[in-house]
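Written below as structure tokens is the structure these notes are about.
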Amino acid sequence: MDEKLTVRFPAGHPVLKYPPGQRSQRVRELVDAALRLETILSSIDNRLARMESMLLTGGGMSEKTPEETRNAEKTVVFDIEAFTEI
């Protein structure tokens, strides 16, 4: 069941530019979007706080660039001396 909520806007508010028959629907859409945005921003804030904590404690830090890391993963180290002793 829907509930009714009366909201007053100051003169000149952007919502009042919509035709009277479309205002309620548009305000509902804007409120829903704002609530989704609030959730997204909260998630971003939490992730940023974790990253900041990692940086302050030295966790997850590497002196290598991402390209150097990728190249190191592709490099095969072969010990010829160890191989010839077999």
Side-chain angles (χ1 to χ4, degrees):
M1 180 173 160
D2 290 342
E3 293 189 34
K4 183 177 180 176
L5 174 67
T6 302
V7 180
R8 294 183 183 269
F9 293 100
H13 192 279
V15 169
L16 300 176
K17 293 178 183 177
Y18 293 100
Q22 297 177 7
R23 290 179 187 165
S24 293
Q25 177 62 33
R26 188 65 180 136
V27 168
R28 277 192 298 273
E29 292 169 357
L30 292 169
V31 168
D32 289 343
L35 293 172
R36 286 191 305 273
L37 184 59
E38 182 179 43
T39 301
I40 292 167
L41 290 175
S42 177
S43 174
I44 291 170
D45 187 48
N46 290 336
R47 292 175 65 190
L48 184 59
R50 286 196 315 267
M51 289 174 18
E52 187 177 43
S53 175
M54 288 174 65
L55 288 172
L56 291 173
T57 60
M61 303 247 334
S62 173
E63 293 181 14
K64 294 181 180 180
T65 65
E67 185 175 337
E68 290 172 331
T69 303
R70 283 191 298 276
N71 290 339
E73 292 171 356
K74 294 178 187 176
T75 304
V76 176
V77 178
F78 188 77
D79 187 348
I80 295 174
E81 291 180 17
F83 180 77
T84 55
E85 290 179 11
I86 297 177

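These numbers were taken from a predicted model, which means no experiment stands behind them. Residue numbers count from 1 along this sequence. What you see below is based on every heavy atom in this structure, not just the backbone, and it leaves out hydrogens, waters and symmetry mates.
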- Item | Side chains of Gln22 and Gln25 in contact at under 4.5 Å (non-hydrogen atoms) |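 A side-chain contact is absent here, since even the closest heavy-atom pair is not under 4.5 Å.
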
- Message: For residues Leu5 and Phe9: do they belong to one hydrophobic cluster (side chain heavy atoms under 4.5 Å, members Ile, Leu, Val, Met, Phe, Trp, Tyr)?
- Response: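 Yes, one cluster joins them.
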
- Message: Taking CD in Glu29 as the centre, count heavy atoms belonging to other residues, nucleotides or ligands within less than 6.0 Å. Is the count above 12?
- Response: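 Atom CD in Glu29 is packed in, count exceeds 12.
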
- Task: Decide yes or no on side-chain contact (heavy atoms from CB on, under 4.5 Å) for Val15 and Val7, but give the supporting numbers first.
- Result: CA-CA 11 Å; Val15 169; Val7 180; over 6 Å; no

- What heavy-atom pair brings Arg26 and Tyr18 nearest, and what distance separates the two atoms?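 Where Arg26 meets Tyr18 most closely, the heavy atoms are NE-OH, 2.9 Å.
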
Could you tabulate the donor-acceptor pairs under 3.5 Å formed by side-chain atoms of residues 31-46, not counting sequence neighbours?
unit_1	atom_1	unit_2	atom_2	d
Thr39	OG1	Leu35	O	3.3
Asn46	ND2	Ser42	O	3.4

- Message: To the closest 0.5 Å, what do you measure between CG (Leu55) and CZ (Arg50)?
- Response: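 These two atoms lie 13.0 Å from each other.
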
